[in-house]
Amino acid sequence: MTFKYDHKKIETKWQKYWLTKNVFAAVDKSAKPKYYCLIEFPYPSGDGLHVGHLRSYTALDILARKRRMQGYNVMYPIGFDAFGLPSENYAIKTGIHPQTTTENNIKIFTRQLQAMGFSFDWQRAVTTTDPKYYKWTQWIFLKMYEKGLAYKAKIPINWCLSCKIGLANEEVVNGRCERCGGPVEKRQKEQWLFKITDYADRLLEDLDSVDYLERIKIQQQNWIGRSEGAEVNFQVIANGAKQFHKEEDKIASSAVPPRNDNLTVFTTRPDTLFGATFMVIAPEHPLILNLKNQISNLKEVEKYIAVAKKKSDLERTEVNKEKTGLELKGLMAINPVNNKEIPVFVADYVLISYGTGAIMAVPAHDQRDFEFAKKYGQPVTQVIEPTNGSGKKIDLKTEAYEEVNEGVMINSGRFNGLSVGKCINEITAWLAKRGVGRPAVNYKLRDWIFSRQRYWGEPIPIIYCRKCWEAKTQNSKSSAKGGPQPEADAPLVHASSGKSQSQEGVDYVLINGQEYAIIPLPENYLPLELPKVKSYEPTDSGESPLAAIADFVNTRCPFCGGQAIRETDTMPNWAGSNWYFLRYADPDNNKALADKKNLAYFLPVDWYNGGMEHTTLHLLYSRFIYKFLWDLGAVPESCGPEPYQKRTSHGMVLGSGGEKMSKSRGNVVNPDQVVAELGADTLRCYEMFMGPFDQAIPWDTKGVIGVRRFLEKVWQTFQSLISQKLSVVKGEKLMPLLHRTIKKVSADIESQDYNTAISALMIFINQAAADGLDKKTGETFLKILSPFAPHLVEELWQQLGHKRSIIQEPWPEFDEALAQNKEIELVIQINGRVKDKMIVPADINEQRAEKLALDRPKVLSQLAGKQIKNVIFIPGRLINFVV
RNA sequence: GCCGCUGUGGUGAAAUUGGUAUACACGCAGCACUCAAAAUGCUGUGAGCGCAAGCUCGUGUCGGUUCGAGUCCGACCAGCGGCACCA
């Protein structure tokens, strides 16, 4: 294809102009209303910019440019989320410091982004690996610790065998590492956690106040997974003590009763309590350890637990896996509603990480319990009967009856005859009154594991001091509780009871069997910079490469001056991206993460676009951190409780075969190449034209040509106008189309229907190329084209004799009256089928239309010999004869 | 299994929300320009029947509501995405 305009010359010219005149800078103190457009800042990978990035950046660039023309002080910032594994792995292979790699990649990304003509405010660019930036990431950590929301605990973590790194629950996909796809196993490890579960309710409720795509809201809701129900206490007795569970029996006996315990379960179906015929606890449940002397088949039980523990997440979650379990012989539980003794099982289908790690099994009304009961010969007691005439069937030979919305209670003592819904409330109240239960809420959301055993991340600003611990325990020796020694298999922390190992207000950790006080680094010690290392290789023992650097690890305690040890874990790569959008408001501040006046002006983000894959990771995390900073007062109250007013998501750009783009498939499209061959304007428009913005679309190399042809046509039409070669039509003819185009393009940018916006622009230029164009109409058209193809438009705008950049022009208003055509094509239908069309005045009335229609020979021949029963007239559209 | 989304030409897809199905673009075919090709321009392009005017069918399948259904209702089928033994 030979070109009529030189995209290289034009695009570099205007990119230089924008950059040197700094036209896209957001103004800190402006009388104008602000508008904050945000895209997810990229990780500067060695592969360079991906065409998928461009989809998101182009979309919001179009919005940013339109908002500027609408009179807003727009902030459209960019930065780099530069901590992360690829640079570190590259360092392991090559010995090149991640810092060096990062700097080089940022240069490449910067060049690529500028070559696209995005209207970023480059002066606000932030980089998460810059100590001046991560000083504040560390500061946030200290504040989290200060407020009791960061704690250290020994927990089973998801350990990726190939990355040699601990993963957050959110980073494990189908039992595999989200990053490398490798297998993940459970390991016990001391980790830093953030108590995101404290914010679960607010993260859920506040979704009502924001404008997110519905599917994003739903995904967040499901991830938080709130469910309401009740906690119920079951007393557990050992067989030897069986006869003592009534007070009078106990007194009558002289024998020492064996140890009893309580087993608390969480259930969403307290109505089915009378149908609970056995209990099941998770293999990790502490009850087993506590009552191990009472379990007569302990050997077998321990064997079962050992097998269960060895199973990876992948095996444990395998679909349709047959349930396994084992009865804890010697133990019985007492159902608090009817005092029936029921057996207790251990089984790995019960998860320690949800609820209380124990369940009451109701085989008649829960399919999982039903399967388990069938296999292990447990009784099935029906307590709900479908109402007569409801059409619901119950067949307890084949499956459980799980219907909640329908049915009445039976076999349930005083609750018989109640509806299921009513019973849930009443039985919960009854349990609470008797002190054996209470209403309870549970979440699927887990606390957020915030430690990584890696080099290339923010160091955690914590040190451990033995001397401070000794001083503290000596002071409080009189009250002498002594640190409870956590056992090797300590009860696991779960969401509802996550706690640090805290004692007397001083948190401690165990290092080589000795207690050390946890000392948060004082603020004036920040930033705690990453030291240089010789080897980036992570260790199999699971320690960060930082642990091998004596100069870093060994330090002095800032409080007592004694020998102290540094935390060597680093933060996950989400740490820097949690709050970067706040920093843009004031990127160079050294006294605070951002000045409050600037935050009050720019926040919240008005429109945030990013990938669906970040819905349960970055989006949820950053909402949490924002809420925390807002509670803290670091973000002004006037900014509101939510960081992002609006959140949308773009569809992935796939390879031409419809498969994901990847190096191994060899179907990666390099944006540099497209920019070089066809220009940035073409690439921008194609990214928007290729299909609906929120859907995944395959790249079509041939399709790009069509967009370039469109821009060529624009160029040529305006060249004719400029040289007056084109027949100049005095406005009128194009006017209705122009105003319809303004209307369509304006609305489509707001609803992200960029593909139809471009189609409308194409229709206009096709018409203009055929009919001719006057200067005023042409200029209006350039304004609405400018967000899509800014370089080309600036050039034409200048050639038309304008001194000022088109970005200073106001966005065109459309006039509904002018958008109307004077004449329309009226469709004539017979029995709803199109038979003829006629050109009529737009405001034609029914009588006139009917008369005209009945004059037409085609209509007459179709109606011959038939009787018109009814006439339906839709003004401006059609007339339909019913015969 | 649960939640969500999507099924329209050879292809990417439009359709003012119940009113001309296939806009816009790619591809393909024919013609023009050319020694030739590329590029460009014009014309055609859902399927079937017909020399033709025209007729019939047609938006995953089956059924319903309506003067009129891609759009609304009911029952299915297929594909994609998320969650998944969550008590």
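The chains referred to below are lettered A, B, ... by the order of the sequence lines, with proteins before strands, and numbering in each begins at 1. The structure displayed is predicted, hence computed values, not measured ones. What you see below is based on every heavy atom in this structure, not just the backbone, and it leaves out hydrogens, waters and symmetry mates.
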K.L.:
How is A:Lys702 classified with respect to the nucleic acid when contacts are heavy atoms under 4.0 Å: base, sugar-phosphate, or nothing?
P.N.:
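A:Lys702: backbone/sugar contact only, no base atoms under 4.0 Å.
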K.L.:
From CG of A:Leu620 over to C1' of B:rC83, roughly how many Å is that when rounded to an integer?
P.N.:
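To the nearest whole Å, that distance equals 14 Å.
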K.L.:
How long is the line joining CZ of A:Arg833 and P of B:rU56, in whole Å?
P.N.:
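Answer to the nearest Å: 7 Å.
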K.L.:
If the C1' atom of B:rA84 is compared with that of B:rG48, how far apart are they to the nearest Å?
P.N.:
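B:rA84 and B:rG48 have their C1' atoms separated by 49 Å.
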K.L.:
Compare the minimum distances between each of B:rA87, B:rG27, B:rC83 and the side chain of A:Trp223, then state the nucleotide with the smallest one.
P.N.:
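The answer is B:rC83.
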K.L.:
For A:Thr756 and A:Asp753, which I'm curious about, is there any donor-acceptor pair between the side chains at under 3.5 Å?
P.N.:
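Looking only at side-chain atoms, A:Asp753 and A:Thr756 do not form any donor-acceptor pair under 3.5 Å.
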K.L.:
For nucleotides B:rA38 and B:rC55, find the distance between their C1' atoms and express it as a whole number of Å.
P.N.:
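Result for the C1' pair: 44 Å, nearest Å.
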K.L.:
Determine the Euclidean distance between corresponding C1' atoms of B:rA37 and B:rA32; express it in Å to zero decimal places.
P.N.:
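Each nucleotide's C1' atom is 15 Å from the other's.
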K.L.:
Between B:rA23 and A:Asn766, is there an OP1 or OP2 to side-chain N/O distance shorter than 4.0 Å?
P.N.:
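So the side chain of A:Asn766 is outside the cut-off, no N or O lying under 4.0 Å from OP1 or OP2 of B:rA23.
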K.L.:
Counting only heavy atoms from other residues, nucleotides and ligands, does the tally under 6.0 Å from CD of A:Glu613 exceed 12?
P.N.:
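Yes, the 6.0 Å shell around CD holds more than 12 heavy atoms from other groups.
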K.L.:
Looking across every strand, which nucleic acid part, if any, lies under 4.0 Å from A:Lys743 by heavy atom: base, sugar-phosphate, or nothing?
P.N.:
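A:Lys743: no heavy atom of the nucleic acid under 4.0 Å.
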K.L.:
Would you mind checking if A:Lys375 and A:Glu371 are paired as a salt bridge, meaning a charged N to carboxylate O distance below 4.0 Å?
P.N.:
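A:Lys375 and A:Glu371: not salt-bridged.
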K.L.:
Anything below 3.5 Å on both distances counts as a pair; with that, list the stems of at least three consecutive Watson-Crick or G-U pairs involving RNA chain B.
P.N.:
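Stems found: B:1-7 with B:77-83, B:10-12 with B:24-26, B:27-32 with B:40-45, B:46-49 with B:54-57, B:60-64 with B:72-76.
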K.L.:
Could you say whether A:Gln716 or A:Asp369 is positioned toward the 5' end of RNA chain B, judged by the nucleotide with the nearest heavy atom to each?
P.N.:
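Its nucleotide being nearer the 5' end, the pick is A:Gln716.
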K.L.:
What do you reckon, is NZ of A:Lys323 surrounded by more than 12 foreign heavy atoms closer than 6.0 Å?
P.N.:
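Above 12, so yes.
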K.L.:
Without decimals, in angstroms, what is the distance between A:His285 NE2 and B:rA87 C1'?
P.N.:
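Rounded to whole Å, this separation is 13 Å.
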K.L.:
Does B:rG9 sit syn or anti, given that only angles within 90° of 0 count as syn?
P.N.:
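Chi for B:rG9 falls in the syn range.
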K.L.:
Could you tell me how far apart A:Arg740 (CZ) and B:rA23 (C1') are, to the nearest whole angstrom?
P.N.:
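Those two atoms, CZ and C1', are 13 Å apart.
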K.L.:
Quote, to the nearest angstrom, the P distance that separates B:rC73 from B:rU65.
P.N.:
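It comes out at 15 Å once rounded to the nearest Å.
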K.L.:
Say we look at B:rC49 and B:rU66: how far apart would their C1' atoms be, to the nearest angstrom?
P.N.:
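Between the two C1' atoms, the distance is 31 Å.
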K.L.:
Using a 90° cut-off around 0 for syn, call B:rU17 syn or anti.
P.N.:
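Syn for B:rU17; the angle stays within 90° of 0.
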K.L.:
Check each of A:Val383, A:Asp271, A:Thr272 against A:Val420 using the side chain to side chain contact (heavy atoms under 4.5 Å, CB included) test, and report the only one that passes.
P.N.:
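In the set A:Val383, A:Asp271, A:Thr272, the residue that makes a side chain to side chain contact (heavy atoms under 4.5 Å, CB included) with A:Val420 is A:Asp271.
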K.L.:
For A:Ser227 and A:Asn831, find the nucleotide of RNA chain B closest to each by heavy atoms; which residue's nucleotide sits nearer the 5' end?
P.N.:
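Closer to the 5' end of RNA chain B: A:Asn831.
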K.L.:
How close or far is atom P of B:rC55 from atom CD1 of A:Ile830, stated in whole angstroms?
P.N.:
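Rounding to the nearest Å, CD1 of A:Ile830 and P of B:rC55 are 10 Å apart.
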K.L.:
Nucleotide by nucleotide, 5' to 3', does protein get under 4.0 Å of the base (B), only the sugar-phosphate (S), or neither (-) in nucleotides 10-22 of chain B, counting heavy atoms?
P.N.:
--BSS-B--BBS-
K.L.:
Could you check if a side-chain atom of A:Leu878 sits within less than 4.5 angstrom of a side-chain atom of A:Phe873, using non-hydrogen atoms only?
P.N.:
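Counting from C-beta outward, A:Leu878 and A:Phe873 never come under 4.5 Å.
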K.L.:
If we take the C1' atom in both B:rU59 and B:rA14, what is their distance in whole Å?
P.N.:
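Result for the C1' pair: 12 Å, nearest Å.
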K.L.:
Between B:rA87 atom C1' and A:Phe372 atom CZ, what is the distance in whole Å?
P.N.:
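That distance rounds to 14 Å.
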K.L.:
Please state whether the phosphate of B:rG27, meaning OP1 or OP2, lies under 4.0 angstrom from any side-chain nitrogen or oxygen of A:Arg709.
P.N.:
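So the side-chain polar atoms of A:Arg709 do come within 4.0 Å of the phosphate oxygens OP1 or OP2 of B:rG27, strictly under.
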K.L.:
What nucleotide among B:rU40, B:rC85, B:rC57 has an atom nearest to a side-chain atom of A:Asp348?
P.N.:
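The nucleotide sitting nearest to the side chain is B:rC85.
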K.L.:
Provide, to the nearest angstrom, the distance between the CD1 atom belonging to A:Ile224 and the C1' atom belonging to B:rA84.
P.N.:
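About 17 Å, once rounded to whole Å.
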K.L.:
Where does the angle between the aromatic ring planes of A:Phe3 and A:His7 fall among parallel (under 30°), tilted (30 to 60°) and perpendicular (over 60°)?
P.N.:
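A:Phe3 and A:His7: perpendicular rings.
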K.L.:
Going by distance alone, is a donor N or O of one side chain under 3.5 Å from an acceptor N or O of the other, for A:Ser649 and A:Tyr212?
P.N.:
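Not at all, the side chains of A:Ser649 and A:Tyr212 share no donor-acceptor pair under 3.5 Å.
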K.L.:
Under 4.0 Å between any heavy atoms, over every strand shown, what does A:Asp694 touch: base, sugar-phosphate, or nothing? Just pick one.
P.N.:
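Answer is nothing: A:Asp694 stays at 4.0 Å or more from every strand.
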K.L.:
Considering only atom C1', compute the distance from B:rC80 to B:rG30 and round it to an integer number of Å.
P.N.:
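Roughly 40 Å separates the two C1' atoms.
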K.L.:
Say whether A:Tyr443 and A:Asp201, considering side chains only, have a donor N or O and an acceptor N or O under 3.5 Å apart.
P.N.:
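Present: a donor and an acceptor within the cut-off.
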K.L.:
Given atom CZ of A:Phe3 and atom P of B:rA38, what is their separation to the nearest angstrom?
P.N.:
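Rounded to whole Å, this separation is 17 Å.
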K.L.:
Thinking salt bridges, do A:Arg269 and A:Asp366 make one under a 4.0 Å N-O criterion?
P.N.:
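A:Asp366 and A:Arg269: not salt-bridged.
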K.L.:
What interatomic distance, in whole Å, is found between P of B:rU22 and the corresponding atom of B:rU6?
P.N.:
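Going atom to atom, P in each nucleotide, I get 22 Å.
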K.L.:
Quick check: A:Phe345 with A:Phe372 (ring centres under 6.0 Å apart)?
P.N.:
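Between A:Phe372 and A:Phe345, the centre distance is under 6.0 Å.
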